Amino acid sequence: MVYLDHCARLSGAELALLRLLPALDEDVEAHVILGENGPLVSRLKAVGVTTEVLPMIETARGLARESVHLSRFPPATLLHTARYITEVARRLRQLRPDLVHTNSLKAGLYGSVAGRLARVPVIWHLREQLTPDHLPAAAASLVRAAVHRLPTAVIANSRSTLGSVATPGLVSSVIASPVELGPSRGTRRSEEPLRVGMVGRIAPIKGQHVFLEAFARAFPQGPTRAVIVGTAMFGETDYEEQLRRQVGFLGLEGRVEMAGFREDVGEELGRLDVLVQASVIAEGFGQVVVEGMAAGLPVVAPGAGGPAEIITDGRDGLLVPPGDVPALAASLRRLAGDEALRHRLGEAARKRALDFTPAAIAPQVLALYRTVLGR
Ligand code: UDP
């Protein structure tokens, strides 16, 4: 199989691929073609996956979704993309895979055309919703038209992702992203201050500003600490600066830890008491939610999109309306004041996380491969 991704940074989709491929190891000979060089290359090689970089010119790779409009698509970008598609198709003809599996939205676009040219069936792995929250209308309709016409089948990372694109007749499967079950968070010592955290790339849609505001409202004073793990990945450095200023406006100096990007998220999760996922839009999936659950943490997440399919409110986590600061603050206060609730939700969360282990997810992917290949 050949896997395509335009990006080689350690963003969510790329980490998901990195977790999936070793789990398919016994049944699939995987070869990855990336559109840029980056940390994903060595990480894939380290898990035994052959990887090559077929560089995509920056104007095409970094093309912002906002500038996607067929009538005013920069001609140079169109030309570069057409050339890139030809190159990928040529490489596919050399490699002669049974299947192409595209891992990012851009790779879905160029990969499914290249797959058609090389006469190889293509599975388009859709990891975000094709809604105005995620994509401007022009880009969404372009992608939707492509998803309907080009690939042989689609994997959606949640029912809501599939719902944003589905039409009758599309061969599709809803398959969650795999998450390893790491060690459970140990028992905390009661004298330690409570630590409430967020993990994820720093971006306005991820809602770190909502989290800070809710934290300040829930814990205007006292020893409780907020931890923000992650970094800006796609140019949102202004937002990161804005968050630092917000800490000052909210009078939270000394109580907020900006931990930066961590390779070992498990270690950070092990030092938290509550995990918050504060996205202001409906996430396609939300791997961080499952990672927190797998660590045995009570997770507060938006009651929309993927997270609302993962968490059953009040049983294995808490759901709040996306972007609702008072509701998030109320949930945080409730959890902070009730150790038994934190414990009960954390235990149930860890059980629920078993549904998402690589061993549970890999057979679902293999089943779709077999369907597409008619085996
Ligand atoms: N992540 C990480 N280090 C960080 C912050 C985030 O490894 O400092 C990982 C996180 O553990 C998760 C992924 O980035 O596996 C984010 O995936 P998610 O599906 O939550 O969001 P996405 O970035 O795909 O929108």
Side-chain angles (χ1 to χ4, degrees), residues 5-23 38-40 42-44 46 65 103-108 125-131 133-135 155-158 160-161 175-182 197-208 211 227-236 239-240 243 257-272 275-295 297 299-302 304-311 317 322 353 356-358 361:
D5 199 315
H6 73 287
C7 172
R9 275 157 275 182
L10 299 179
S11 176
E14 290 67 38
L15 289 168
L17 184 69
L18 192 56
R19 292 177 192 123
L20 176 67
L21 294 185
L40 184 63
S42 56
R43 293 288 295 271
L44 282 167
R65 293 151 182 228
N103 194 58
S104 63
L105 211 56
K106 281 182 188 162
H125 201 141
L126 205 53
R127 298 185 178 278
E128 57 197 307
Q129 303 198 12
L130 302 184
T131 56
D133 283 348
H134 290 259
L135 285 174
I155 295 179
N157 59 356
S158 66
S160 33
T161 296
I175 305 178
S177 304
V179 169
E180 304 275 357
L181 199 66
M198 267 192 80
V199 174
R201 83 194 141 78
I202 292 193
I205 58 164
K206 293 287 176 188
Q208 280 90 356
F211 168 60
V227 184
I228 294 182
V229 180
T231 190
M233 281 202 161
F234 302 106
E236 293 100 344
Y239 178 65
E240 193 165 347
L243 291 176
E257 199 180 302
M258 303 282 280
F261 183 83
R262 287 297 155 99
E263 293 247 334
D264 187 357
V265 162
E267 200 177 301
E268 287 294 331
L269 292 171
R271 301 196 304 128
L272 293 180
L275 181 74
V276 174
Q277 210 284 9
S279 287
V280 296
I281 56 159
E283 286 275 348
F285 183 67
Q287 296 172 92
V288 160
V289 171
V290 183
E291 286 163 5
M293 295 170 87
L297 286 173
V299 179
V300 189
E309 295 174 30
I310 299 166
I311 289 180
F356 303 97
T357 57
I361 299 301

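In listed order, ligands and their atoms are each counted from 1. Quick caveat, the model's predicted, so the values are computed rather than measured.
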Sub-4.5 Å side-chain heavy-atom contact between [X] and [Y]:
{"X": "L130", "Y": "T161", "result": "no"}
{"X": "S160", "Y": "E309", "result": "yes"}
{"X": "I310", "Y": "V299", "result": "no"}
{"X": "R127", "Y": "N103", "result": "yes"}

Are the side chain of Q129 and the backbone N or O of H134 linked by a donor-acceptor pair below 3.5 Å? no
Please check if the side chain of S158 supplies one atom and the backbone of G284 the other of a donor-acceptor pair under 3.5 Å. yes
By ring pair (Phe, Tyr, Trp, His ring centres under 6.0 Å), which residues pair with Y239, not counting sequence neighbours? H209
Pick, from R19, Q287, E263, the option with the minimum heavy-atom distance to atom 18 (P) of ligand 1. Q287
Among all protein heavy atoms, pick out the one at the shortest distance from [atom]; state its residue, atom name and that distance to 0.1 Å.
{"atom": "atom 16 (C) of ligand 1", "value": "G12 CA, 3.8 Å"}
{"atom": "atom 23 (O) of ligand 1", "value": "R201 NE, 3.2 Å"}
{"atom": "atom 8 (O) of ligand 1", "value": "R262 N, 2.8 Å"}
{"atom": "atom 2 (C) of ligand 1", "value": "V265 CG2, 3.3 Å"}
{"atom": "atom 25 (O) of ligand 1", "value": "K206 NZ, 2.6 Å"}
{"atom": "atom 10 (C) of ligand 1", "value": "E291 OE1, 3.3 Å"}

Ligand 1 contact on L15 by region, counting heavy-atom pairs under 4.0 Å: side chain
Can you give each donor-acceptor pair under 3.5 Å made by side-chain atoms of residues 199-207, sequence neighbours left out, with the distance rounded to 0.1 Å?
| unit_1 | atom_1 | unit_2 | atom_2 | d |
| --- | --- | --- | --- | --- |
| K206 | NZ | E283 | OE1 | 3.3 |
| K206 | NZ | E283 | OE2 | 2.7 |

Find all atoms of ligand 1 within a distance of less than 4.0 Å from any non-hydrogen atom belonging to [X], and give their numbers and elements.
{"X": "G230", "result": "5 (C), 8 (O)"}
{"X": "V288", "result": "10 (C), 12 (C), 20 (O)"}
{"X": "V229", "result": "8 (O)"}
{"X": "F261", "result": "2 (C), 3 (N), 4 (C), 7 (O), 8 (O)"}

